[in-house]
Number of protein chains: 2
Amino acid sequence: MNRSHSYFQSRISKLQKCLKDWKVKGCVVEDPIDLFYLTGIVLSNAKLIVTNTQSHLFVDGRFIQVCRENSPVAVSLYEDKAAQQFLSDVSSLAFDSQKTSYDQFIRWKRLFPHRLEPVPGLLKSLRLIKDKQELDAMQKSAQLNWKGFLHLKKSLKVGITEQELALKFELFVKQHGAEKLAFNPIIAFGPNGAMPHYEPGKTKLKKGDLVLIDIGVVVDHYFSDMTRVLFFGPPDINLKKLEASVRKAHAAALKKCKPNVSIGQLDQAARDSMDKDGTTQYFLHTLGHGVGLEIHEFPRLKYNNAEKDLKLKPGMVITIEPGLYLPGVGGIRYEDTIVITKTGYRNFYKS
Amino acid sequence: MNRSHSYFQSRISKLQKCLKDWKVKGCVVEDPIDLFYLTGIVLSNAKLIVTNTQSHLFVDGRFIQVCRENSPVAVSLYEDKAAQQFLSDVSSLAFDSQKTSYDQFIRWKRLFPHRLEPVPGLLKSLRLIKDKQELDAMQKSAQLNWKGFLHLKKSLKVGITEQELALKFELFVKQHGAEKLAFNPIIAFGPNGAMPHYEPGKTKLKKGDLVLIDIGVVVDHYFSDMTRVLFFGPPDINLKKLEASVRKAHAAALKKCKPNVSIGQLDQAARDSMDKDGTTQYFLHTLGHGVGLEIHEFPRLKYNNAEKDLKLKPGMVITIEPGLYLPGVGGIRYEDTIVITKTGYRNFYKS
């Protein structure tokens, strides 16, 4: 990936343009992923302060050396006085109210006696739209995830445990270039699939089991996310019906995916489709979520939440993952990750 | 590990005893690791509310099934009204001010019109002292980490990259029972070791290089942490001197490890030792930190911070990791993880 200073400086410039919207003269970024997005450096316990005219990175002793060599903006060791000095001409400061702890807020209040403006998700609108480099990384991440899925599919056999399969997946993707797993793989046999966030256990695979596989990897810092369900032998007739309903809901949501459609409508389309099948009561979560440098990014796709009116735009990457869960019987989820294009969407996965 | 309901209920009882110290009638726990500590269930977006007389776990649809089967306390789907109902007789509520975001605090303020009491690190005093089961898990975790280190040591050869070594470590420990890595391994050749939080790259090993290895694994949910430095060929004379200074500082700190010594004294002992060698200026971080269900737990070991007067007690698990860093040349860190015993300490590692 491009790691030039100008690449990151242009992101910081975009952040500077947001200051006007928030009616502030500066902002402080402390979240490690946000800091990586703006500087290209993996940091913790650091602060990037951005004002209308300048930006400055404050770090502790562990990171000063790597930052002196790589930071796209001026850097120095953090001290309260140095931060106050840098902010001496600033009358208002935005902070990320979702990510800043209560204690940290109190510290800022003591340090900065002027107006502190809470902004939930300071970088969410910037990180929402992925550029070409980011999309290339996400495609690579999805491709490797898909290869890992095929490897898992080949590995299914009577008696193998969920944990053994999860490890097989991890070893395979690590040997093929994954930096890390996007999350602990969810591999659930039979009734275990009824728990949407199941942790793989020692359950052994047997003929007739449903196998739910929810996996993701990280390549070039970008996350992938995909769920498939495999029938290991002749399926239960009720689960077959649920599967058909999930597939229809999935297709109904995808059909809506193009610029200017609001994200609430996607979830609504999936629910309308399930309503026709009488299955909506078994849909226990939202339709999907943003994904990128984290597995769960803004927005959440739900028909009735605060973000429902957000309009799709080219470059937005979201998951579409309707699921139906029958306690004690099993669960079906079908998940793709897609990017919105000028005319519709591109799916990172094949069917 | 013991996963009986009574095991977790006794932890919740201990938390109830803390309510008096905080002068409140109840508390809310939302941090996933804290929730795991109190319930034995891996959760996100959940709330455990504990009052003097009862406790109740609120979760979302994804987790209701797993909680109905495994929760040591009553459980239901979260709704604002249900939480308010449960709290109707409660006049004051403690929350974790380190872990609760500003937005979440504002939500609680709206939901709960009475007194909200900020407590930094709500569970830190509970989690600080490890019981026998936890120590057994930590010993197992350390043993596997050590095996992984020996595997790395054998794998050193001219031309191998830092990333290749990091992957070798990961594959080995995963195949030998690690749930996951405790953190991205720090494997740094030569001058790269001068950055305490370096990420392994494509640098190739060559004769005469210093190899800094900082590794940890997770076994039964418990983290291990260890750093060693290997000389791959005849060492630079200056680095040899730094190494001797780090070893002396390490021994000086360990000598202090027994009940009732304050943690600030440990860091001070290491610094006093370095002062004699004239190396303290190259010591860029604190002496160590607590470790357990997370890689960095309370407390941080520093001579001059807010926690410096905390007294060592049997069952506390901490790292002792002095380090010296010469920009452009290399870094030396020597890290053990130890548990305080009735009479002194036990080191999870050999020399």
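Fair warning: this is a prediction, and the values are worked out from it, not measured in the lab. Chain identifiers are assigned alphabetically (A, B, ...) following the order of the sequence lines, protein sequences preceding nucleic acid strands; residue numbering begins at 1 within each chain.
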Under 6.0 Å from the OH atom of B:Y282, do we count more than 12 heavy atoms belonging to anything else shown?
-> no
Give, for atom NE2 of B:H285 and atom CG of A:D60, the distance between the pair rounded to the nearest 0.5 Å.
-> 10.0 Å
By a 4.5 Å heavy-atom criterion (distance strictly below it), what part of B:Q175 contacts chain A: side chain, backbone, both, or neither?
-> both
Contact part of B:L167 toward chain A, heavy-atom cut-off under 4.5 Å: side chain, backbone, both or neither?
-> side chain
Is the NZ atom of A:K147 crowded by more than 12 outside heavy atoms at less than 6.0 Å?
-> no
Distance in Å, A:M195 CE paired with B:I64 CD1, rounded so as to fall on 0.5 Å steps = 12.5 Å
In terms of heavy-atom pairs under 4.5 Å, which option from B:E170, B:Q104, B:R68 contacts chain A the most?
-> B:E170
B:Q98, part contacting chain A, at a heavy-atom distance under 4.5 Å = both
Crowding at NZ, B:K168 (>12 non-hydrogen neighbours, <6.0 Å) | no
Pair A:R62-B:L284, side-chain contact (heavy atoms from CB on, under 4.5 Å): steps then yes or no = CA-CA 6 Å; A:R62 297 170 303 164; B:L284 305 178; 5.6 Å; no
Counting heavy atoms not belonging to A:K140, are there more than 12 under 6.0 Å from its NZ?
-> no
Parallel, tilted or perpendicular: rings of A:F95 and B:Y102 (30°, 60°) = perpendicular
Interatomic distance, OG1@B:T100 vs CZ@A:F105, rounded to 0.5 Å, equals 14.0 Å
Which atom of B:E199 lies closest to which atom of A:V42, heavy atoms considered | OE2-CG1, 4.1 Å
More than 12 foreign heavy atoms under 6.0 Å from CZ of A:R271: is that the case here?
-> yes
